[in-house]
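Order of appearance sets the numbers: ligands from 1, and atoms from 1 within every ligand. Just so you know, these numbers come straight off a predicted model, no measurement behind them.
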Amino acid sequence: MRLESLLFLAATCIAASTDGFNAEDIVTRDVCILGGGATGTYAAIQLREKGHSVALGYFNNDITKNFFSQLNVDYEALLPGSIIIENVNFNTGKRVLPGNELLGTIAGATLYRAAIEQFNYLSTGAYYLPDKVPEALLRPFHEFVEEHALQGAMDVIFMFAENVGDILNAPLLYVIQNFGITHIDALLGGGYIRPKNGTGQLFNKAANYVAKENIFYETTVSQAKRNSTGVEMIVKNADGTRKLIKAKKLLITFPPTASSLSGFDLRSEESTLFSKWNHKSYYAAAITNTGLPDGINVANTNPENQPGSLPLPPFQWQMEYSGVPGYFMSKIVADSNFTAEDAKELIRSDLKRMGKTGVYPTKEPEIAAFASHSPETLIVSTDDVRNGFYKKLYALQGQQSTFYSGYAFCTDYSTPLWNYTSSVLDMMDL
Ligand SMILES: *[C@@H]1O[C@H](CO)[C@@H](O)[C@H](O)[C@H]1NC(C)=O
Ligand SMILES: *[C@@H]1O[C@H](CO)[C@@H](O)[C@H](O)[C@H]1NC(C)=O
Ligand SMILES: *[C@@H]1O[C@H](CO)[C@@H](O)[C@H](O)[C@H]1NC(C)=O
Ligand SMILES: *[C@@H]1O[C@H](CO)[C@@H](O)[C@H](O)[C@H]1NC(C)=O
């Protein structure tokens, strides 16, 4: 099959009504991909390569390197900078000591890896659980930490799994899914690489590769009807025009939730599963006029939360020096009801407390850039996991000509997501 038979929609979905379409407004393709992120892009590239009609680091392994080579994107090693970390309790604005007896990154990750090796069926990053899910995976992480004496590894675990929020009370499963064997092996193995000209270049080259007539940006799906032979969708483009899309297969790469799929002909099984997600709010901000000196990372350190002195949601994790004088990057993790405005207020109030205690000079911080990555960290209840949620979720692959990838199905790191996406494309049997 040819490139022409692929369609890639960087789309969100809303509800609307249906009308007749002229022939020129009907687009027929083999595969339609919904979702514009790294996973959707990867899928589009791989499908094209097969002839059928994605300021991060990427794991330095063959999956990543092959993908970059395919797109002719030059890459370089991402080296940890020599950054000074200052520990401050953001709740009080006071300087505190780092967590107790923390091991270094390598020693901590090695210790933790040995403890989770027993769950090696999770090693690809997908939720491939045994039918009888071990209770240990559903117990709060602090029990596992005590049992395996992982106190010294809390720093490195949190570095990856901070998006889980209160990791000590989260089920072990969700800590492993955010920092598991795949992440550790990348960390201890080749480390990370990044496109020399930035992640933007990766996406630009990807867009050229797929060919722009096959990409509809800012498209909304107003209606989708699916059956075993194909899908029909009414989409609305940014310019207001509407198209009827007909495809043999549909790949959804954003998290399938009741609201993201409004307008879809969801069956009760799908609606039931997709209504079970809980998520975290996750925001990233670039801040300036902070009062912080250049070249430091200020780590949010809470001595009251042991082991590890980790912050509790809602929290700013770290204010990291960006490399650009005066600018710091911040990530905010909170429960799902925490709004963007709440997050901006948290940044300002945290800095204000540090100003009041005199740790850093008081300034009027400015939020230069702000982005929401919500919904982040999709989790379901331990009862749902016990009752086979993930088995039922993966069983949806292929039903109604619909396939899924993205971080609802696999850990939220590009490289393992790409690998999972490859396996989904194989399932399509095109
Ligand atoms: C990639 O996915 C396949 C299954 O499709 C798995 O066998 C393999 O181990 C995965 N590779 C990595 C590096 O996780
Ligand atoms: C990176 O970008 C610069 C400026 O846009 C360009 O001249 C250069 O060729 C690019 N390098 C690579 C490796 O693509
Ligand atoms: C699927 O839907 C299409 C369009 O509505 C229809 O033409 C086709 O017959 C249906 N296939 C099955 C197996 O129901
Ligand atoms: C979010 O909900 C929790 C209870 O579930 C409540 O304690 C908290 O105050 C709420 N936060 C916001 C920002 O509304």
Side-chain angles (χ1 to χ4, degrees), residues 18-21 23 25-32 38-39 42-43 45-47 49-50 54 57-70 109 113 116-117 119-130 160 176-193 221-235 243-251 253 263-267 390-391 393-395 397-407 409-430:
T18 141
D19 288 317
F21 284 87
D25 292 325
I26 301 175
V27 180
T28 303
R29 295 289 188 272
D30 285 323
V31 183
C32 175
T39 303
Y42 180 82
I45 303 292
Q46 299 316 315
L47 284 167
E49 195 73 352
K50 284 185 184 178
V54 190
Y58 300 92
F59 293 171
N60 182 14
N61 63 19
D62 287 343
I63 298 165
T64 311
K65 288 193 278 197
N66 291 340
F67 187 38
F68 286 3
S69 303
Q70 199 177 0
R113 193 194 189 289
I116 64 171
E117 181 113 54
F119 310 110
N120 64 1
Y121 38 78
L122 296 172
S123 69
T124 65
Y127 291 78
Y128 288 149
L129 291 160
F160 281 81
I176 291 178
Q177 286 304 92
N178 287 278
F179 186 48
I181 289 171
T182 183
H183 316 83
I184 299 167
D185 288 353
L187 182 70
L188 301 181
Y192 298 82
I193 56 177
V221 176
S222 51
Q223 197 182 82
K225 288 187 176 158
R226 305 160 301 148
N227 65 23
S228 60
T229 53
V231 299
E232 287 190 7
M233 293 186 300
I234 298 171
V235 305
K243 301 256 186 237
L244 177 63
I245 311 278
K246 296 182 178 188
K248 288 183 192 140
K249 313 274 182 196
L250 174 65
L251 176 64
T253 68
F264 275 67
D265 54 348
L266 294 183
R267 291 167 307 144
Y390 285 103
K391 199 179 164 109
L393 185 71
Y394 289 111
Q397 294 286 18
Q399 288 193 34
Q400 309 292 98
S401 307
T402 307
F403 294 80
Y404 306 85
S405 186
Y407 61 88
F409 285 75
C410 186
T411 184
D412 191 11
Y413 276 82
S414 297
T415 306
L417 270 171
W418 295 338
N419 194 43
Y420 179 70
T421 303
S422 288
S423 71
V424 175
L425 298 177
D426 290 344
M427 290 175 210
M428 284 187 182
D429 203 20
L430 291 162

Engineer: Is atom 4 (C) of ligand 1 in close reach of the protein, with a heavy atom under 4.0 Å away?
Structural biologist: no
Engineer: For Ser423, counting its heavy atoms only, list the atoms of ligand 1 lying under 4.0 Å from any of them.
Structural biologist: 5 (O)
Engineer: Keeping the roles fixed (side chain from Thr411, backbone from Gly125), state whether a donor-acceptor pair exists under 3.5 Å.
Structural biologist: no
Engineer: Take Tyr404 and Tyr394, measure what ring-ring contact (aromatic ring centres under 6.0 Å, His included) needs, and give me the verdict at the end.
Structural biologist: CA-CA 9 Å; Tyr404 306 85; Tyr394 289 111; 10.0 Å; no
Engineer: Would you verify that at least one protein heavy atom lies under 4.0 Å from atom 7 (O) of ligand 3, or report that none does?
Structural biologist: no
Engineer: When you measure from atom 14 (O) of ligand 1 to the protein, is at least one non-hydrogen atom found at a distance under 4.0 Å?
Structural biologist: yes
Engineer: Using a strict threshold of under 4.0 Å (side-chain N to carboxylate O), is an ion pair present between Asp429 and Lys249?
Structural biologist: no
Engineer: For atom 11 (N) of ligand 1, which of Thr182, Thr124, Ile181, Asn419 has the closest heavy atom?
Structural biologist: Asn419
Engineer: In terms of atom number and element, which parts of ligand 3 are under 4.0 angstrom from non-hydrogen atoms of Ser228?
Structural biologist: 13 (C)
Engineer: Hydrogens and angles aside, do Arg226 and Gln399 bring a side-chain donor and acceptor to less than 3.5 Å of each other?
Structural biologist: no
Engineer: Pull out every atom of ligand 3 sitting under 4.0 Å from any heavy atom of Glu232, numbered as shown with elements.
Structural biologist: 4 (C)
Engineer: Hey, does Lys246 have a side-chain heavy atom less than 4.5 Å from the side chain of Ile26?
Structural biologist: yes
Engineer: Within the side chain of Ser123, is there an N or O that forms a donor-acceptor pair under 3.5 Å with the backbone of Tyr121?
Structural biologist: no
Engineer: Which protein heavy atom lies closest to atom 1 (C) of ligand 3, and at what distance to 0.1 Å?
Structural biologist: Asn227 ND2, 1.4 Å
